[in-house]
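As a basis for the values below, the full set of heavy atoms in this structure was taken, side chains included, without hydrogen atoms, waters or symmetry mates. This chain uses plain numbering: 1 for the first residue, then up along the sequence.
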Amino acid sequence: MSSKKWLVIGITGATCSGKTTLANRLQKELKNSIIVHQDNYFWPIDDPRHVKIPKLNHLNWELMSSMDMDKMRSDILKLIEFSPNDVNSIEKNCERVLIIDGYLLFKCKVITNLCDIKYFFTVPKEISKERREKREYEPRDVPGYFEEYVWPEYLKYKDEIMKDKNLCKTITFIDGSKDSEEIFQMIFPRIKQMLS
């Protein structure tokens with residue numbers, strides 16, 4: 001643990017693979033934990049920085065440029081630079097846990113390097129698509145968007161990660177098609193051990 005006493009957990013991977021479910025469960029179980037969701041940093045729908053897909057009359061939300069990553073980085077760095085006396089809601093001298101989740105999280109080197117524990121969720125395409133169709137997205141996926149943009153961008157991201165051998169060695173890959181409770185019970189002992 002660093003002198004700042006933060007344990008940083010990064011969770012990334014395929015859409016609808018269980019990332020946010022795990023992040024929320026960890027926050028519930030871990031005293032003094034804070035969660036940051038990459039999804040909260042999307043530019044507003046009318047922002048000109050979005051990339052339009054004319055043939056689908058839809059925006060491409062699968063790109064890093066669809067989010068304010070400067071703000072996300074800045075928010076995270078500010079958070080972990082607090083001294084224990086700065087955060088009244090967190091007990092002094094207690095380990096603090098920062099949980100960060102996002103579908104393109106490890107594309108940001110600054111955030112990746114901050115993570116003491118890294119998880120990458122994989123899931124078969126059919127399961128990802130089926131789960132995604134049940135979720136409420138705003139805006140909703142248009143026909144063809146998942147097949148032509150969501151899944152190919154995920155595969156590209158995963159391929160980039162796999163090619164970075166040094167990064168790969170630091171990541172625990174998780175089968176997101178498993179039961180969420182089983183996944184939690186599998187990873188939680190390691191986190192508790194790092195906090196002890």
Say you draw a straight line from [atom1] of [X] to [atom2] of [Y]; how long is it, rounded to the nearest 0.5 Å?
X	Y	atom1	atom2	value
E181	F188	CD	CZ	10.5 Å
E81	I76	CD	CD1	11.5 Å
I171	M162	CD1	CE	8.5 Å
F42	R49	CZ	CZ	14.0 Å
N60	K52	CG	NZ	12.0 Å
L155	E160	CG	CD	11.5 Å

Which atom pair, heavy atoms only, marks the closest approach of [X] to [Y]?
X	Y	value
R190	D116	NH2-O, 4.4 Å
V8	L114	CB-O, 3.3 Å
S17	G13	OG-C, 4.2 Å
I183	G176	CD1-CA, 4.2 Å
G10	L105	CA-CD2, 3.9 Å
C115	K118	O-NZ, 3.5 Å

Measure from the side-chain N and O atoms of [X] to the backbone N and O of [Y], and report whether any donor-acceptor pair falls under 3.5 Å.
X	Y	value
H50	P44	yes
S128	T15	yes
T112	C108	yes

Mind checking whether Y145 and Y149 have parallel, tilted or perpendicular rings, split at 30° and 60°? parallel

Residue pairs passing the ring-ring contact (aromatic ring centres under 6.0 Å, His included) test with at least one member in residues 158-179, sequence neighbours excluded, are F120-F173

A side-chain contact here means heavy atoms from C-beta on lying under 4.5 Å apart; do [X] and [Y] qualify?
X	Y	result
K71	M67	no
I174	M186	yes
I11	I100	no
I53	V142	no
R135	C16	yes
P48	W43	no
D39	W61	no
R131	V123	yes

Sidechain N-carboxylate O distance under 4.0 Å for [X], [Y]:
X	Y	value
K125	E147	no
E29	R25	yes
K178	D175	no
K109	D164	yes
E153	K156	yes

Kindly check if the number of other-residue, nucleotide or ligand heavy atoms within 6.0 Å of CG (D179) is above 12? yes

Look at atom CD of Q193 and say whether more than 12 heavy atoms of other residues, nucleotides or ligands are closer to it than 6.0 Å. no

Could you walk me through whether L104 and M69 pass side chain to side chain contact (heavy atoms under 4.5 Å, CB included), step by step? CA-CA 11 Å; L104 293 174; M69 288 307 299; over 6 Å; no

Apply side chain to side chain contact (heavy atoms under 4.5 Å, CB included) to Q38 and M64, showing your working. CA-CA 10 Å; Q38 191 175 31; M64 284 288 272; 4.1 Å; yes

Given L7, which partner from the list N32, I99, I117, L98 fulfils the side chain to side chain contact (heavy atoms under 4.5 Å, CB included) test? I117

So I191 and M194, side chain to side chain contact (heavy atoms under 4.5 Å, CB included) or not? Walk me through it. CA-CA 5 Å; I191 294 168; M194 288 189 76; 5.8 Å; no

Could you give me the CA-CA distance, side-chain angles and deciding distance for Y41 and D75, then say whether side-chain hydrogen bond (donor to acceptor under 3.5 Å, both in side chains) is met? CA-CA 11 Å; Y41 291 88; D75 286 353; 2.7 Å; yes

Side chain to side chain contact (heavy atoms under 4.5 Å, CB included) between F146 and W151, intermediate numbers included: CA-CA 6 Å; F146 181 88; W151 196 252; 3.7 Å; yes

Cut-off 3.5 Å, side chains only: do Y157 and T12 have a donor facing an acceptor? yes

Joining Ile, Leu, Val, Met, Phe, Trp and Tyr whenever any side-chain heavy atoms lie under 4.5 Å apart, the cluster holding L63 also takes in V51

